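Please read these numbers as outputs of a predicted model, since none were measured by experiment. Within every chain, numbering begins at 1; the chains are lettered A, B, ... in the order of the sequence lines, protein sequences first and strands thereafter. Just so you know, these numbers use all the heavy atoms, side chains as well, and skip hydrogens, waters and symmetry mates.
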There are 2 protein chains.
Amino acid sequence: MNATRRQAVPAVTPPSDDELYGITELAQEYGISLRAIRFYEDKGLLAPRRINGGRAYTRRDRVRLGLILRGKAVGMSLAEIEHILSLYGDHGEGHATQLEYLVGRIDATMTELDTRRRHIEAMLGELGEVRSQLKKALAAKRRLGKG
Amino acid sequence: MNATRRQAVPAVTPPSDDELYGITELAQEYGISLRAIRFYEDKGLLAPRRINGGRAYTRRDRVRLGLILRGKAVGMSLAEIEHILSLYGDHGEGHATQLEYLVGRIDATMTELDTRRRHIEAMLGELGEVRSQLKKALAAKRRLGKG
DNA sequence: CCGAGTGCTTACGTTAACGTCAACATGGTT
DNA sequence: AACCATGTTGACGTTAACGTAAGCACTCGG
């Protein structure tokens with residue numbers, strides 16, 4: 001897939017900047033609608049630069065979008081996701097107490113996620129039991145019908 | 001709480017039946033609203049008997065409600081939950097092919113849940129990294145400020 | 001028999017998370 | 001200049017999952 005990777009790019013690529021992506025690129029890449037992406041922006045989850053009126057997304061933006069979708073897959077609301085995304089900021093210059101605060105928020109988020117995971121594991125366990133019950137019933141039927 | 005439990009019940013209790021619960025009992029027990037419980041019924045997730053016009057829930061119904069809430073905690077929609085609840089039915093008399101089918105559905109559901117769990121674990125991993133980054137930054141600051 | 005309490009139904013309101021549609025603006029191509 | 005693809009901003013529609021409110025029925029203690 002990456003075999004087509006010489007320096008064939010038309011040479012007009014601005015040298016200082018990272019690669020930028022259009023909105024449709026992102027939409028296709030992640031299999032979501034343009035509307036959804038703009039919606040996330042409305043909600044403050046994304047803030048792409050504007051180039052000539054259009055939205056231009058950096059790698060960081062792509063990562064953020066990935067986190068958004070992962071959050072959704074996990075069952076979080078956009079509000080919760082926004083909450084989490086704020087933990088992924090720069091904090092390069094953060095004051096100590098601010099960093100402590102962030103760590104606290106992260107810990108809280110992690111325990112919430114852990115709770116959710118435990119719920120899932122419980123369901124998996126219960127489903128496993130149901131499954132083996134069914135298997136037992138099936139085996140019994142087969143002993144009657146074939147043995 | 002259950003200390004008031006002689007056979008003081010007015011004697012009109014039909015002898016054949018298991019214990020039944022009222023809707024408010026369930027609501028309080030699970031900390032949800034009456035409206036929510038009736039809503040789940042509207043959606044076909046619950047089907048309590050009617051006694052004298054009122055809803056009467058059996059232990060099985062309580063279990064189902066528990067599963068519903070667990071499903072919600074996991075981030076599933078009511079539709080998905082309904083899908084799963086159907087796997088918990090009686091199947092006592094099920095035909096063999098029917099049972100096979102159910103096992104298949106259960107397997108599918110389990111892999112879906114597993115996917116979700118993996119998503120959660122991924123997020124937990126990433127958050128853990130962010131957390132340790134912050135910790136490092138904090139330690140550095142402390143070395144500057146205090147050491 | 002009456003009022004309080006409990007429950008039921010019907011209907012409308014609400015929030016989140018988008019989808020859909022209309023009406024432009026722009027940039028490149030022919 | 002005409003056209004088309006791509007993109008933008010509203011505005012309105014929609015679905016899920018309830019909450020809230022109104023009004024009727026039943027039942028039980030006094």
Side-chain angles (χ1 to χ4, degrees), chain A residues 10-14 20-58 61-62 64-85 116 119, chain B residues 8-14 20-58 61-62 64-85:
Chain A
V12 200
T13 337
L20 294 179
Y21 308 81
I23 189 171
T24 44
E25 275 177 278
L26 279 191
Q28 286 171 0
E29 178 172 347
Y30 285 105
I32 61 182
S33 72
L34 305 180
R35 185 65 181 81
I37 295 183
R38 298 196 194 104
F39 184 72
Y40 300 149
E41 182 176 341
D42 285 354
K43 292 295 171 165
L45 302 186
L46 291 175
R49 324 186 199 162
R50 293 315 189 102
I51 292 184
N52 219 336
R55 293 164 167 87
Y57 300 86
T58 67
D61 291 324
R62 279 188 50 226
R64 284 179 76 90
L65 183 50
L67 286 171
I68 293 171
L69 298 180
R70 191 191 291 291
K72 295 202 54 180
V74 159
M76 298 194 300
S77 73
L78 292 191
E80 292 175 291
I81 293 171
E82 177 177 16
H83 175 217
I84 285 195
L85 279 180
R116 212 168 279 205
H119 274 287
Chain B
V9 228
V12 200
T13 337
L20 294 178
Y21 308 81
I23 188 173
T24 43
E25 276 178 277
L26 279 191
Q28 286 171 2
E29 180 171 346
Y30 286 104
I32 60 182
S33 72
L34 305 180
R35 185 66 184 82
I37 295 183
R38 298 197 193 104
F39 184 73
Y40 300 150
E41 182 176 340
D42 286 354
K43 293 293 172 169
L45 302 186
L46 291 175
R49 322 186 201 159
R50 293 314 187 102
I51 291 183
N52 220 334
R55 293 166 168 87
Y57 301 86
T58 68
D61 291 324
R62 278 187 50 225
R64 285 179 75 89
L65 182 50
L67 286 170
I68 293 172
L69 298 180
R70 190 191 292 289
K72 294 201 54 180
V74 160
M76 298 195 299
S77 72
L78 291 190
E80 292 174 290
I81 292 171
E82 177 178 15
H83 174 216
I84 286 195
L85 279 180

Would you please name every residue forming a salt bridge (Lys or Arg N to Asp or Glu O under 4.0 Å) with A:Glu25, sequence neighbours left out?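 Partners of A:Glu25 under the salt bridge (Lys or Arg N to Asp or Glu O under 4.0 Å) test: none.
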Once base and sugar-phosphate atoms are separated, protein heavy atoms under 4.0 Å mark nucleotides 15-27 of chain D, 5' to 3', with B, S and - as --BBBB------S
Nearest whole angstrom, please: distance from the P of C:dG7 to the OH of B:Tyr21. 16 Å
To the nearest Å, how far apart are A:Asp42 CG and C:dG19 C1'? 14 Å
Would one find a side-chain N or O of [X] under 4.0 angstrom from OP1 or OP2 of [N]?
| X | N | value |
| --- | --- | --- |
| B:Arg55 | C:dG7 | no |
| B:Thr24 | C:dT6 | no |
| B:Arg38 | C:dT9 | no |

So, B:Tyr30 side chain and B:Arg62 main chain: donor-acceptor pair closer than 3.5 Å or not? yes
Say whether, by atom type as modelled, one donor and one acceptor occur between the side chain of B:Asp61 and the main chain of B:Thr58 under 3.5 angstrom.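 It does hold such a pair.
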Are any non-hydrogen side-chain atoms of A:Leu69 and A:Leu65 less than 4.5 angstrom apart? yes
Contact between B:Glu41 and B:Arg55 at the side-chain level, heavy atoms closer than 4.5 Å - yes or no? yes
Report the C-alpha separation of A:Ile37 and A:Ile32 in whole Å, then their side-chain angles, then the decisive distance to 0.1 Å, and conclude whether the side-chain contact (heavy atoms from CB on, under 4.5 Å) test is met. CA-CA 8 Å; A:Ile37 295 183; A:Ile32 61 182; 3.6 Å; yes
